[in-house]
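These numbers come from a predicted model, not from an experiment.
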Amino acid sequence: MSRNLVVYNSLTRQKEKFSPIQEGFIGMYVCGPTVYNDVHLGNCRTFMSFDVIYRYLLYLGYKVRYVRNITDVGHLLDDGEDRMSKGARLDNLEPMEVAQKYSNGFHHIMSIFNTLPPSIEPRATGHILEQIEMVKEILDNGYAYEKNGSVYFDTLKFAEKTGEYGKLSGRIIEDLISESRDNLKNQDEKNHPSDFAIWMKASDEHIMKWNSPWSVGFPGWHLECSAMSTKYLGKNFDIHGGGNDLKFPHHENEIAQNVGSCGCQPANYWIHTNMLLMNGKKMSKSDGNTISPEELFTGKSVHVSKGYSPMVVRFFMLQSHYRSPNDLTDEALLAAEKGFKRLMDANKNLDGLIGASPLETILDTKISEIIEGAYSDMDDDFNTPRALARLFEIVTIINSLKDGQMSLSDISVTGITKIKDAMRTIIFDILGLKDESENNAGPLDGLMNLIIDLRQQARVNKDWGTSDKIRDSLNEIQIQIKDGKEGTSWSFK
RNA sequence: GGUCGGGUGGCCGAGCGGUUAGGCAGAGGUCUGCAAAACCUUGUACAGCGGUUCAAAUCCGCUUCCGACCUCCA
């Protein structure tokens with residue numbers, strides 16, 4: 001915590017020095033998925049971005065309560081039907097079955113991408129009471145009105161009295177009047193087009209509904225995040241995050257609900273991640289420009305020429321800043337795959353290195369500067385691409401030491417230890433990458449050692465026919481033989 | 001149409017007043033029985049036009065192209 005963390009705050013549109021409400025503790029709320037179908041890669045990018053943020057805050061020594069919700073009710077489609085109900089109707093399942101099924105899938109993918117689980121993962125349906133309470137408070141404060149069993153947030157009145165509405169998204173309420181879409185359900189019940197439902201009366205055929213003072217119905221989308229963040233992090237907490245497509249209306253309305261119920265700003269810092277593009281276009285569930293994690297891993301998609309491992313994908317995403325759009329292309333993934341391998345190989349090469357200088361050297365100093373630079377990059381609004389660039393400078397040094405372009409006497413014992421610590425802390429703890437090649441242990445290793453050994457004998461006997469046959473045959477089954485200075489190794493192609 | 005954010009070398013992608021970003025590809029070299037792999041070295045850039053400045057990819061203006069949001073989205 002001695003470092004100076006700076007974060008970009010969407011609320012003020014500038015980088016700000018980060019200081020938590022309570023020294024040493026951080027409350028962070030991130031909008032999670034609506035579990036009505038499989039996660040797509042765009043979702044994954046957002047959660048990986050916040051995973052790195054979470055990991056870095058932990059690294060800095062903060063005790064972080066990371067809350068990421070699961071929305072399983074209240075999210076309306078264009079025709080007014082609840083997403084969950086629609087999923088249930090199509091699959092002939094209970095709504096809770098749909099939610100469970102896709103929550104499981106979501107967790108599975110998140111773990112494949114090596115993201116840490118949040119501290120609390122609350123569900124909207126588990127917090128109906130809290131949401132009803134919040135509707136009451138908003139009504140009591142005069143920022144909502146009831147119409148036919150539904151309750152709407154009064155954006156005009158709220159904007160007039162508090163001047164708060166539109167701050168986050170840079171929206172002006174007059175513009176909202178003329179631009180609002182008019183095809184939403186119960187639009188005619190609203191006093192003002194920018195008003196939004198915080199409680200909706202359910203129709204008879206609606207499956208997910210609860211009793212309330214106003215009607216048998218369900219909470220509006222936006223409300224669950226306001227209620228749950230308040231419940232678990234308090235009325236005012238440190239960080240609120242989400243994809244930047246949630247800025248409006250979701251986050252704007254969330255702020256309105258929080259301010260409207262308790263009179264205080266929910267979060268001090270708003271962090272928004274940018275979109276994942278594919279071939280230059282926004283990746284989105286609704287317009288078909290999408291690739292699922294499985295398709296990407298297996299290569300079974302028209303968008304990729306082959307499969308890419310989860311860590312290659314994670315590395316690829318870390319190579320761009322979380323606030324920049326990231327364009328996923330086959331070519332870019334191919335480049336990331338090679339770069340990631342180089343990074344992992346260098347890390348492994350470290351094991352064989354021992355510094356020979358008893359004293360601190362010029363190289364030691366240079367390395368310390370690079371490492372400090374990498375941490376400074378993380379301090380600067382979690383700049384992972386820059387931190388990664390610094391690591392590659394170290395990669396070159398490691399390889400030069402290993403291959404003899406640099407002498408081991410140029411570096412001290414502690415210099416090597418420093419590199420090892422920093423590489424591992426940054427790559428694995430902070431960036432959350434994993435060395436996937438370490439999963440190959442078992443009988444295969446022994447078998448390969450035997451084959452390599454036999455080939456080595458043939459080579460010693462200058463039996464090139466046999467040695468080349470072994471090499472070429474293995475190559476055909478996607479195993480690559482690598483003859484190096486200190487012996488032969490192998491890997492999957 | 002409104003609001004916001006962008007256009008950086010063959011590709012991806014940082015930087016946002018003076019410094020080598022980095023990765024991939026390309027070129028040269030090292031190693032090797034040959035090859036592959038690996039490693040080292042290295043060229044190439046800031047959409048266009050003006051302006052401010054000793055100095056601009058970085059600030060300002062205009063032009064042009066692209067993207068996001070504007071009540072489905074992470």
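- Among the protein residues, A/Phe392 comes within range of the sugar-phosphate backbone only, with heavy atoms under 4.0 Å from sugar or phosphate atoms but none that close to a base.
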Q) What pattern of brackets, bars and dots sums up RNA chain B from 5' to 3', given Watson-Crick or G-U wobble pairs under 3.5 Å, [ ] for crossing pairs and | for another strand? A) ((((((((.[[[..)..(...]]].(((((.......)))))....[[[[[..)....]]]]])))))))....
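- The neighbour count for A/Lys462 NZ, taken as heavy atoms of other residues, nucleotides or ligands under 6.0 Å away, does not exceed 12.
- The side chain of A/Glu393 approaches B/A21 more closely than any other nucleotide in the set B/C34, B/C39, B/A21.
- Here the C1' atom of nucleotide B/A36 and the NZ atom of A/Lys341 are 12 Å apart, to the nearest Å.
- With sequence neighbours excluded, the residues satisfying side-chain contact (heavy atoms from CB on, under 4.5 Å) with A/Ser119 are A/Tyr54, A/Arg65, A/Tyr66.
- Atom CG of A/Asp245 and atom P of B/A74 are 7 Å apart (whole Å).
- Among the heavy atoms of the strands, none lies under 4.0 Å from A/Leu391.
- Here the P atom of nucleotide B/C66 and the CG atom of A/Asn274 are 18 Å apart, to the nearest Å.
- Atom name P, nucleotides B/U64 and B/G17: the rounded distance is 28 Å, in whole Å.
- Within residues 470-480 of chain A, the residues approaching RNA chain B are A/Arg471, A/Gln480, by heavy-atom distance under 4.0 Å.
- Across the C1' atoms, B/G6 and B/G15 are found 15 Å apart, a figure rounded to whole Å.
- Counting only heavy atoms from C-beta on, A/Trp464 has its side chain closest to B/G33 among B/G23, B/A36, B/G33.
- Between A/Met344 atom CE and B/C24 atom P the separation is 13 Å, expressed in whole Å.
- Every pair passing ring-ring contact (aromatic ring centres under 6.0 Å, His included) that includes a residue from residues 321-342 of chain A is listed here, sequence neighbours excluded: A/Phe315-A/Phe340.
- In this structure, A/Tyr56 and A/Phe382 have perpendicular ring planes: the angle between them is above 60°, well past the 30° mark.
- Across every non-hydrogen atom of A/Ile416 and A/Gly355, the tightest pair is CG1-N, 3.4 Å.
- Residue A/Asp463 contributes atom CG, which lies 17 Å from atom P of B/C34 at whole-angstrom precision.
- For A/Lys338, the listed nucleotide lying nearest its side chain is B/C24; candidates were B/U41, B/C24, B/C70.
- Backbone-only engagement by A/Gly242 is indicated by non-hydrogen atom pairs under 4.0 Å involving sugar-phosphate atoms exclusively.
- B/U71 atom P lies 11 Å from atom OH of A/Tyr165, rounded to whole Å.
- At a threshold of 4.0 angstrom between heavy atoms, the contacts of A/Ser467 include nucleobase atoms, whether or not backbone atoms are also involved.
- Here A/Lys482 does not pair with A/Asp345 in a salt bridge; the nearest charged N to carboxylate O distance is not below 4.0 Å.
- Side-chain N/O atoms of A/Ser226 and A/Asn258 include a donor and acceptor closer than 3.5 Å.
- Between A/Arg386 atom CZ and A/Met378 atom CE the span is 12.5 Å, to the nearest 0.5 Å.
- For the side-chain contact (heavy atoms from CB on, under 4.5 Å) test, residues two or more places apart in sequence or in another chain that qualify with A/Leu454 are A/Leu450.
- At B/G6, none of the side-chain N or O atoms of A/Arg323 fall inside 4.0 Å of OP1 or OP2 (strictly under the cut-off).
- No salt bridge links A/Asp380 with A/Arg323; every basic N to acidic carboxylate O contact stays at or beyond 4.0 Å.
- At B/A21, none of the side-chain N or O atoms of A/Arg390 fall inside 4.0 Å of OP1 or OP2 (strictly under the cut-off).
- Using the six-membered ring where Trp is involved, A/Phe196 and A/Tyr165 have ring planes that are parallel, under 30° apart on the 30 and 60° scheme.
- Distance from the side chain of A/Arg455 is smallest to B/G33 among B/C24, B/G33, B/A74.
- A salt bridge links A/Glu337 to A/Lys306: one of the charged nitrogens lies within less than 4.0 Å of a carboxylate oxygen.
- Distance NZ (A/Lys402) to P (B/U30): 18 Å, rounded to an integer number of Å.
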Q.
At under 4.0 Å between heavy atoms, how does the protein contact nucleotides 7-14 of chain B? Give one character per nucleotide, 5' to 3', with B, S or -.
A. ----SSSS
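- Using a 4.0 Å cut-off between charged nitrogen and carboxylate oxygen, A/Asp51 and A/Arg68 do not count as a salt-bridge pair.
- When each of B/A21, B/C69, B/C39 is scored by its nearest atom to the side-chain atoms of A/Phe248, the top-ranked nucleotide is B/C69.
- One atom, CD1 of A/Ile481, and another, C1' of B/G33, lie 16 Å apart when rounded to the nearest Å.
- Nearest nucleotide to the A/Asp468 side chain, out of B/C39, B/C40, B/G33: B/G33.
- Of the candidate nucleotides B/U32, B/C24, B/A38, B/U32 has the atom nearest to the side chain of A/Arg459.
- One finds a side-chain N or O of A/Asn399 lying less than 4.0 angstrom from the OP1 or OP2 phosphate oxygen of B/C40.
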